[in-house]
Amino acid sequence: MSAPRGEFSSRFGFLMAASGSAVGLGNIWGFPTNAASNGGAAFLFVYLLLAFALAYPALMAELIIGRRAQANGITALRSISSGKKSRIAASVVGFSGIITVSLILSFYSIVSGWMIAHFFDAMAQIFGISTVSNWLTTDHPVRNSIFVVMFMTLTVFIISAGVRNGIEKWASRLMPSLIAILILLIVYVFTLPGAGDGLRAYLVPDFSRLTEPALLVGAMGQAFFSLSLGVGTMLIYGSYISKDENLPVTGGLVALLDIGIAVLAGLLILPAMYAALANGVEIFDVNGQLIAGPGLIVSVLPSLFETMGSIGIFVSLAFFLLMAIASLTSSISMLEVPVAYGVEHHGIDRKKASIAVGVVVTVISLMIVFNFDPLFDMVVTFTTEFSQPLLGFAFCIFVAWIWRRNDILLEIKQGCPDAESGFFWKIWPFYVKFICPVAILTVYFQ
Ligand code: PFF
């Protein structure tokens with residue numbers, strides 16, 4: 001017996017949830033630093049192109065399968081497959097998505113834990129408790145474990161409350177706050193000396209970099225990770241969209257919000273880094289590259305906040321709150337993938353399924369925390385550079401080559417009755433059938 005399924009109550013609810021999944025550490029941390037180290041606006045240009053031409057069609061593939069099947073990833077992919085072989089392939093892809101997304105969550109929760117620790121550090125500074133502050137900002141497995149558990153508890157708490165009372169309610173509160181904090185921080189950072197240099201590093205294009213494979217691979221990986229593609233998060237959120245909703249428009253809005261917030265984040269991070277430089281903080285590594293790894297968030301930016309005097313504590317509070325919100329709205333979408341499968345396929349109660357999956361992911365995270373050097377980079381590379389693009393490729397194959405074209409059109413027509421004569425239907429099928437798979441594989445093998 002499967003439990004009754006949830007549904008988002010409105011387009012706004014879905015938009016906040018899906019853009020909440022998409023907008024995460026990838027946008028605020030990954031995108032700006034990727035752009036700055038890969039030719040500034042040249043990267044931005046390629047990113048926009050790939051995001052609209054490759055990632056948006058792949059996003060639509062997941063949303064359409066999800067809404068049609070009204071089911072978790074494995075059941076959904078199986079339901080659009082007709083032969084025995086394709087049903088087996090559907091199960092393999094669905095399971096791989098569940099494993100990949102759980103592994104992504106296991107490293108994501110570690111980084112998100114750092115954000116919460118730094119948020120508490122700003123609080124401790126406000127109350128003048130410097131011993132606590134030192135402990136919070138010193139990288140240590142015990143500190144990291146505590147914050148992983150805290151972050152995963154929050155994630156489980158929201159997911160166990162269900163689609164409307166958990167995901168939609170929290171995403172609708174958190175996403176508008178995220179946008180407001182981001183804009184306030186940008187306005188403030190623009191007033192700092194040195195910010196203009198950051199803006200130049202971000203926005204002045206170096207077109208000589210356009211042909212570099214690293215730029216292409218970086219931009220595609222960024223677009224896929226950022227739109228949470230390939231692992232079934234968008235499919236499961238799509239399965240909770242009402243049948244009256246116009247899918248091409250709604251999916252387009254999610255892509256626009258995701259890209260818009262990434263571009264905005266660049267207006268915060270790069271001016272902030274160059275403002276830090278103007279204050280004597282080192283922002284380049286030994287190879288002369290901008291510091292882009294953990295050092296940026298846990299050392300460069302905190303050093304900048306320190307140079308701002310007492311206002312810096314509040315800027316730091318706002319910044320780490322922004323990062324924590326961005327992480328949480330993404331992590332809930334990751335946890336929903338295995339939980340929905342457990343609830344629908346095995347009839348497990350939602351609360352029990354959320355706790356059980358949450359515990360498994362937390363244990364994996366703790367294993368990574370205590371074996372950080374060998375494991376962290378390996379899990380990140382395996383999931384985001386190897387597994388995610390391949391699964392994105394598989395989703396395109398399922399929609400374009402296995403699912404019947406007429407059924408797809410019927411699904412899109414619900415909520416968009418004139419789809420057949422519209423622009424979307426004229427080019428999207430061709431895109432997912434030929435352009436997306438070939439482009440994904442080409443960039444992948446680069
Ligand atoms: N899109 C998120 C980000 O940009 O940080 C990361 C993400 C969320 C990846 C959900 C995968 C996923 F299923």
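Each ligand, and each atom within it, is numbered from 1 in the order the structure gives. By convention here, the first residue in the shown sequence is residue 1.
The closest side-chain donor-acceptor pair between R78 and S91 falls under 3.5 angstrom. There is a side-chain donor-acceptor pair under 3.5 Å between D258 and S226. With no hydrogens or angles considered, a side-chain donor-acceptor pair links E336 and Y240 at under 3.5 Å.
Judged purely by atom type and a 3.5 angstrom limit, W29 uses its side chain to pair as donor or acceptor with the backbone of A292. H346 places no side-chain N or O within 3.5 Å of a backbone atom of I348 that could act as its donor or acceptor partner.
Under the ring pair (Phe, Tyr, Trp, His ring centres under 6.0 Å) criterion, F284 pairs with no residue at all, not counting sequence neighbours.
Near V101, the atoms of ligand 1 lying under 4.0 angstrom from a non-hydrogen atom of the residue are 13 (F). When each atom of ligand 1 is checked for a heavy atom of N27 under 4.0 Å away, the hits are 4 (O). Atoms of ligand 1 found under 4.0 Å from any heavy atom of A22, numbered from 1 in the order shown, are 1 (N), 2 (C), 3 (C), 4 (O). Which parts of ligand 1 touch S333 is read off a 4.0 Å heavy-atom cut-off, strictly below it: atoms 10 (C). Listed by number with element, the atoms of ligand 1 under 4.0 angstrom from any heavy atom of M334 are 7 (C), 8 (C), 10 (C), 12 (C), 13 (F). Within the listing of ligand 1, atoms 13 (F) sit less than 4.0 angstrom from a heavy atom of T233. Below 4.0 Å from some heavy atom of S21 lie the following atoms of ligand 1, by number and element: 1 (N), 2 (C), 8 (C), 10 (C). Listed by atom number, the atoms of ligand 1 under 4.0 Å from S226 heavy atoms are 1 (N), 4 (O).
The shortest N/O to N/O separation between V23 and ligand 1 does not fall below 3.5 Å. Not a single N or O atom of L227, backbone or side chain, sits closer than 3.5 Å to an N or O atom of ligand 1.
Residue-level proximity to ligand 1 for Y108 is carried by the side chain, the only part with a heavy atom below 4.0 angstrom.
Here the NE2-CG distance, from H118 to L301, works out to 10.0 Å after rounding to the nearest 0.5 Å.
Between G20 and T329, the shortest heavy-atom contact is O-OG1, 3.0 Å.
Looking only at heavy atoms of the protein, atom 8 (C) of ligand 1 is closest to S228 OG, 3.3 Å.
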